[in-house]
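From a predicted model like this one, the values you see are computed outputs, not experimental measurements. Both counts, for ligands and for their atoms, begin at 1 and track the order of listing.
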Amino acid sequence: MQQPEPQSFDRVLSSMCTEPHPAARGAAERFLASNPGDPATYETIAATEERAVELLARLTSHPTPIDATGYVTSGGTEANVQAVRSARNRHDASDVNVVVPESGHFSFHKAAELLDVGLRTVPVDDDYRARTDAVEAAVDASTALVVGVAGSTEYGRVDPIPELTRIAHDAGARMHVDAAWGGFLLPFTGHAWAFDDAAVDTLTIDPHKFGQAPVPAGGLLARDAAAMDALAVDTPYLETRSQATLTGTRSGAGVAGAVAAMEALWPDGYRESAERAADNAAWLADALADRGYQVVEPELPLVAAAVPEREFDALREAGWKVSRTGAGELRVVCMPHVTREALRQFVADLDRIRG
Ligand SMILES: *Cc1c(COP(=O)(O)O)cnc(C)c1O
């Protein structure tokens with residue numbers, strides 16, 4: 001059989017992944033067979049992972065870096081599952097629950113099911129942000145964790161993280177921020193979202209999304225080493241005594257690729273990507289609004305607009321990889337590979353479809 005060729009990113013408008021930085025590609029290839037899950041054997045990649053955590057900590061506590069702990073996960077899903085697991089293990093109650101805004105990623109449903117934790121989903125406001133009054137009403141003594149989203153998957157919205165953190169801590173719960181997608185954009189905006197903006201306990205940030213690292217490279221960070229200790233299990237046949245990760249053998253490629261991308265791009269490369277993406281999102285939002293579509297004003301570079309089903313289907317037919325929000329709006333994620341030229345072509349195709 002002929003070797004399969006990866007698809008081009010040319011018409012991919014719906015993905016939160018993107019083309020990796022060239023340096024990250026090379027680094028990933030060199031470490032394909034290294035296993036950071038066995039750090040006593042694979043010492044080089046283990047040291048590289050410490051560097052990854054240091055770099056991620058710098059992004060999430062900027063300009064004053066904190067000494068965060070954590071590791072490179074298989075993605076945002078694993079990081080979110082582990083954050084729930086850590087909070088559950090540290091919470092002294094039998095019937096534990098987690099409070100998540102309805103804009104929260106579906107990985108929290110997986111976490112709740114796997115960990116046998118109650119999921120309390122709370123409504124968002126008219127602009128798709130967590131309602132603090134609803135969160136306040138939902139927390140109780142059994143709440144182990146409150147989740148805030150910093151860059152929601154559907155609309156790119158940022159929840160009021162400092163207020164949610166206060167509510168969580170007042171209730172005796174811990175605070176988790178899911179910045180899986182937004183984490184590499186938010187250092188260049190005015191949002192309060194991370195460790196130096198609030199007493200956030202744990203945080204998800206994925207190098208394999210806006211970090212321009214190869215898949216798989218997610219990130220879980222914790223302010224306090226105790227959050228990671230709560231995840232550790234004994235490892236009888238390894239030289240290291242315990243392991244806090246969810247997976248055993250892990251991708252050295254993900255770790256090395258993440259470090260190479262961050263070394264190459266933080267901060268100026270990421271700032272440039274973030275600014276270009278913001279300009280592209282604003283341009284697309286205007287172009288769609290000019291044509292009479294109802295557009296959800298972009299906050300981070302993610303545009304949602306009410307496009308009729310027939311037109312949506314015709315765009316897919318023309319090869320555009322677009323997706324829909326839960327409410328059925330067209331959703332375009334302006335990742336680094338999405339150029340202005342591609343968006344012009346996209347809008348031209350839309351005009352042709354509209355006739
Ligand atoms: C993408 C995303 C996730 C899931 O991350 P994976 O890497 O796909 O597992 C979680 N939360 C948010 C906000 C995301 O955008």
Check step by step if salt bridge (charged side-chain N to carboxylate O under 4.0 Å, His left out) holds for R120 and D140. CA-CA 11 Å; R120 293 189 180 167; D140 61 20; 2.9 Å; yes
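- The only option from R250, E50, Q82, Q243 that meets the side-chain hydrogen bond (donor to acceptor under 3.5 Å, both in side chains) definition with Y71 turns out to be Q82.
- The number of heavy-atom neighbours closer than 6.0 Å to CD of E102, taken from other residues, nucleotides and ligands shown, is above 12.
- By the neighbour-count criterion of 12 heavy atoms within 6.0 Å, atom CG of D116 is sparsely surrounded, having that number or fewer from other residues, nucleotides or ligands.
- A side chain to side chain contact (heavy atoms under 4.5 Å, CB included) with E329 holds for exactly one of V295, V296, V303; it is V296.
- Note: W181 and H105 fail the aromatic proximity criterion, with ring centroids not under 6.0 Å apart.
- Closer than 4.0 angstrom to ligand 1 sit non-hydrogen atoms from M16, G75, G76, T77, N80, H105, G151, T153, D178, A180, W181, D206, H208, K209.
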